[in-house]
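Accompanying notes for the structure given below.
Computation of the quantities below employed the complete heavy-atom set of this structure, encompassing side-chain atoms and omitting hydrogens, waters and symmetry-equivalent molecules. All figures in this text were calculated on a predicted structure; none of them were measured in a lab. A note on names: the letters A, B, ... follow the listed sequences, proteins ahead of strands, and every chain is numbered from 1.
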Amino acid sequence: MTTPNQNEHAPAPSDFIRDVVAGDVKSRKHAQIHTRFPPEPNGYLHIGHAKAICLNFGIAHEFGGVCNIRMDDTNPAKEEVEYVDSILADTKWLIDGWADDNLGLKPRGKTPDTKVNGNKTDFELSAIRNPKSEIPVEPFHASDYFDQFYEYALQLVRNGNAYVCDMTPEQTDEFRRLGKESPFRDRSVEENLDLLVRMKGGAFPDGARTLRAKIDMSSPNLWLRDPVLYRIRHAEHHHTGNKWCIYPMYDFAHTLSDYIEGITHSVCTLEFEVHRPLYDWLLASLDLPRPLPHQYEFARLNLTYTVMSKRKLMQLVNDRLVNGWDDPRMPTISGLRRRGMTASALRSFAYHIGITKYPSMTDVALLEHTVREEFNRSAPRRLAVLRPLKIVITNYPESKVEELAAVNNPEDPGAGSRKIQFGRELFIDAADFTETPPPKYFRLKPGGEVRLKYAYIIKCDEVVKGDDGAVIELRCTADLESKSGGATSSRKIKGTIHWVSAARAIDAEVRLYDRLFTVPEPDADGDFKSFLNPNSLDVVNAKCEPSLADADPQVSYQFERLGYFALDPDSKPGKPVFNRTITLKDTWAKETRKH
RNA sequence: UGCCUCGUAGUGUAAUGGUAGCACCAGAGAUUCUGGAUCUCUUUGUCUAGGUUCGAAUCCUAGCGAGGCAGCCA
């Protein structure tokens with residue numbers, strides 16, 4: 001029934017939720033599988049949301065269904081349009097080329113259809129699949145159902161399943177903790193109706209009253225102890241303006257949104273597990289003629305060396321500890337994208353971490369592996385020098401320039417080759433030379449030899465120093481027979497280093513990123529901000545081979561021996577800015593750390 | 001504290017009463033004009049104790065441990 005997981009060339013994932021869905025498909029329980037991704041627009045999406053997106057859209061994709069994107073916007077105090085826009089953009093980016101066919105949107109401005117089914121009133125708003133539509137579309141919004149929610153609230157009051165409560169928030173908390181019934185619990189239907197209408201009409205101030213479900217104050221499950229369904233908030237909502245002064249709570253709104261949209265499998269994270277009985281109670285306590293949704297829970301993603309809560313990410317942004325939500329060090333989808341990570345790599349990561357109910361801590365090394373694996377196959381290779389050190393090839397003619405062939409991608413013969421220029425004066429990376437080589441060092445050292453990639457074997461004859469003793473230039477001689485493909489080109493030289501022509505190289509700003517935090521679990525104890533990595537960003541002025549002047553913003557390049565780099569939007573014509581997405585694996589660095 | 005859920009190599013996950021596998025990480029080697037990639041090999045595991053069964057990671061009981069919930073947030 002499942003189809004291969006498109007870009008991963010791996011079998012379709014299997015987990016306990018997909019098992020349930022597969023079973024329902026087999027038994028023809030539903031006409032079509034329908035999931036949803038319901039973020040609250042109160043922050044930017046992060047890689048944890050990416051896991052949820054890959055799950056919900058993955059299920060829709062694998063079983064030929066639809067996944068609605070829905071703004072769970074029932075709290076006007078916290079939500080903003082900026083977040084709505086970023087959430088839509090990030091979601092589309094993540095599923096682009098993979099599950100666009102399964103994206104469920106709604107016609108702009110459309111609200112649920114009202115149907116009379118016998119003497120039952122039913123509300124329904126079906127999704128249309130994104131790409132085929134000619135009409136303007138938008139994501140679903142829970143706030144588009146405020147009228148319907150209110151009708152359902154009235155129904156709950158009429159059938160004796162809800163009441164208006166006048167207790168203060170503090171009293172409500174205390175009574176729920178103690179399992180004590182509210183003194184307002186047994187108001188008549190008429191009085192409840194009258195109060196609810198007046199609540200809606202703005203007769204009472206914020207917090208004065210609530211609408212509560214009438215369930216069971218002695219239940220061991222706190223969420224069944226008459227949970228609040230509506231609260232009074234005289235506040236402007238980003239989507240509904242000033243139309244409402246009462247707003248539904250999560251449980252009420254979310255459950256009924258699922259029903260209205262015809263969701264079959266409502267997948268959420270573990271903290272909502274204890275809410276499931278309430279979810280089911282709500283659906284059972286209303287007259288709902290169509291098939292009911294079911295809720296399933298999985299463990300949210302935890303990643304080492306980062307924080308994931310929106311509150312903490314917001315704090316990093318507000319305290320200017322990073323440069324915005326899309327700072328490439330952030331675990332946000334926009335940050336990871338700006339850093340140069342691809343949607344397919346993120347999807348592949350989501351595939352590898354799996355779906356369980358165990359609250360695990362995933363090693364960020366797995367993400368890094370996934371990214372490297374993809375780029376190793378796809379990234380065009382280029383030469384760039386991060387910290388330039390000038391070298392002069394003293395036996396190479398001053399006016400001579402040679403064009404040498406450089407392989408674009410050894411993993412992909414079809415990628416062909418390009419020409420790079422060699423001359424008397426070059427830059428190499430300062431990190432590739434030392435006067436005091438440790439054991440097993442095979443880069444350049446005084447009197448030592450090294451291969452210049454695609455070019456000659458050179459020997460370091462002289463180290464030129466400035467007044468302060470710092471190395472400013474190396475004078476070398478080349479083995480002129482050793483050019484790649486030449487007479488002595490097969491001489492075994494341990495080290496090969498990268499270089500650029502001093503005359504032809506272009507300048508670029510390169511931003512080198514490292515982990516944002518210095519410890520694997522920054523929010524385990526203490527103030528997570530005290531574990532920020534002071535070296536998480538290092539900006540250098542690099543020298544790059546000229547072809548990088550026309551770098552494609554959509555392409556990740558491998559700077560040979562250094563890592564994978566992508567153009568930052570800060571780039572200006574003639575002044576490229578590259579972000580280092582991830583270094584290459586560096587076993588030599590590991591070796592030196594050991595000594 | 002009450003309730004809910006979950007415990008499989010260091011990490012993440014398979015095994016759905018029948019040989020405990022895979023990936024990442026780590027380590028060793030081969031190879032290499034990227035100390036990359038590739039290839040080979042290695043270390044390490046079913047939380048504990050009972051029970052059911054020919055047979056238990058899987059089912060049952062108890063214990064231990066971890067996470068979640070106890071907002072008029074979602």
Side-chain angles (χ1 to χ4, degrees), chain A residues 14-16 19 38-40 42 72-75 77-79 142 165 167-170 172-173 176-177 179 206-212 219-225 227-233 246-247 249-251 253-254 268-277 297 299-300 302 304 310-311 352-370 372-373 376-377 381 383 407 410-411 440-443 450-455 457 482 484-485 489-498 520 558-563 583-592:
Chain A
S14 165
D15 53 66
F16 71 98
D19 287 348
E40 182 188 14
N42 68 346
D72 209 349
D73 54 351
T74 55
N75 184 355
K78 292 187 176 179
E79 297 150 8
C165 180
M167 290 200 295
T168 65
E170 294 73 25
T172 311
D173 285 354
R176 287 187 70 199
R177 242 194 334 271
D206 286 3
R209 286 178 225 261
T210 56
L211 180 74
R212 291 229 258 161
S219 170
N221 183 336
L222 282 298
W223 286 102
L224 260 19
R225 320 240 267 229
V228 173
L229 266 21
Y230 267 97
R231 76 283 216 185
I232 300 172
R233 288 284 175 277
I246 57 173
Y247 290 93
M249 297 288 291
Y250 163 81
D251 293 284
H254 186 259
C268 61
T269 44
L270 248 25
E271 65 266 31
F272 297 107
E273 208 158 25
V274 287
H275 293 238
R276 183 162 16 106
E297 309 87 12
R300 63 174 350 125
N302 298 295
T304 56
K310 276 195 216 172
R311 202 194 94 245
H352 284 290
I353 58 177
I355 300 292
T356 65
K357 299 187 84 151
Y358 182 76
S360 54
M361 176 64 68
T362 297
D363 193 337
V364 74
L366 183 59
L367 208 212
E368 297 171 345
H369 161 79
T370 310
R372 288 193 184 105
E373 188 183 45
N376 178 51
R377 277 185 274 112
R381 316 285 130 128
L383 297 184
V407 173
E411 305 294 320
K440 290 196 273 182
Y441 182 87
F442 42 86
R443 299 177 185 182
V450 78
R451 155 79 65 185
L452 294 178
K453 180 91 179 175
Y454 303 123
I457 294 167
S482 67
S484 299
S489 69
S490 57
R491 273 178 60 202
K492 291 292 177 209
I493 297 292
K494 258 302 200 185
T496 299
I497 65 173
H498 55 97
Q558 183 193 106
F559 293 179
E560 290 208 48
R561 301 210 308 132
L562 297 173
T583 61
L584 251 30
K585 260 169 75 177
D586 191 347
T587 46
W588 171 243
K590 215 177 329 185
E591 185 70 26
T592 51

### Task
For A:Arg225, answer base if it contacts any base atom (sugar-phosphate contacts may also be present), sugar-phosphate if it contacts only those atoms, and nothing otherwise; contact means non-hydrogen atoms under 4.0 Å.
nothing

## Note on the structure
Its contact letters, B for base, S for sugar-phosphate only and - for none at protein heavy atoms under 4.0 Å, make nucleotides 40-45 of chain B read ------

### Task
Check every strand shown and say whether A:Thr356 touches a base, only sugar-phosphate, or nothing at a heavy-atom separation below 4.0 Å.
sugar-phosphate

### Query
With a 4.0 Å cut-off on heavy atoms, is A:Lys453 in touch with a base, just the backbone sugar-phosphate, or nothing at all?
base

### Task
For A:Gln558, answer base if it contacts any base atom (sugar-phosphate contacts may also be present), sugar-phosphate if it contacts only those atoms, and nothing otherwise; contact means non-hydrogen atoms under 4.0 Å.
base

### Query
Closer than 4.0 Å, any side-chain N/O of A:Lys590 to the OP1 or OP2 of B:C25?
no

## Note on the structure
Taking Watson-Crick and G-U wobble contacts under 3.5 angstrom, with | marking pairs to another strand and [ ] crossing pairs, the secondary structure of RNA chain B is written (((((((..((((....[..)))).(((((.......)))))....(((((..]....))))))))))))....

### Query
Is there a donor-acceptor contact under 3.5 Å linking the side chains of A:Glu591 and A:Tyr441?
no

## Note on the structure
Syn within 90° of 0, anti beyond: B:G71 is syn

## Note on the structure
Per-nt protein contacts along nucleotides 64-74 of chain B (heavy atom under 4.0 Å; B base, S backbone sugar-phosphate only, - none) come out as ---SBSSSBBB

### Phosphate contact (B:G7 OP1 or OP2) by A:Lys357 side-chain N/O below 4.0 Å
no

### Message
Any base atoms under 4.0 Å from A:Ile353, or only sugar-phosphate, or nothing? Heavy atoms, all strands.
### Response
sugar-phosphate

### Query
Contact class for A:Ile355 (heavy atom, under 4.0 Å): base, sugar-phosphate, or nothing?
sugar-phosphate

### Task
Select base, sugar-phosphate, or nothing to describe what A:Phe559 touches, counting heavy atoms under 4.0 Å on all strands.
nothing

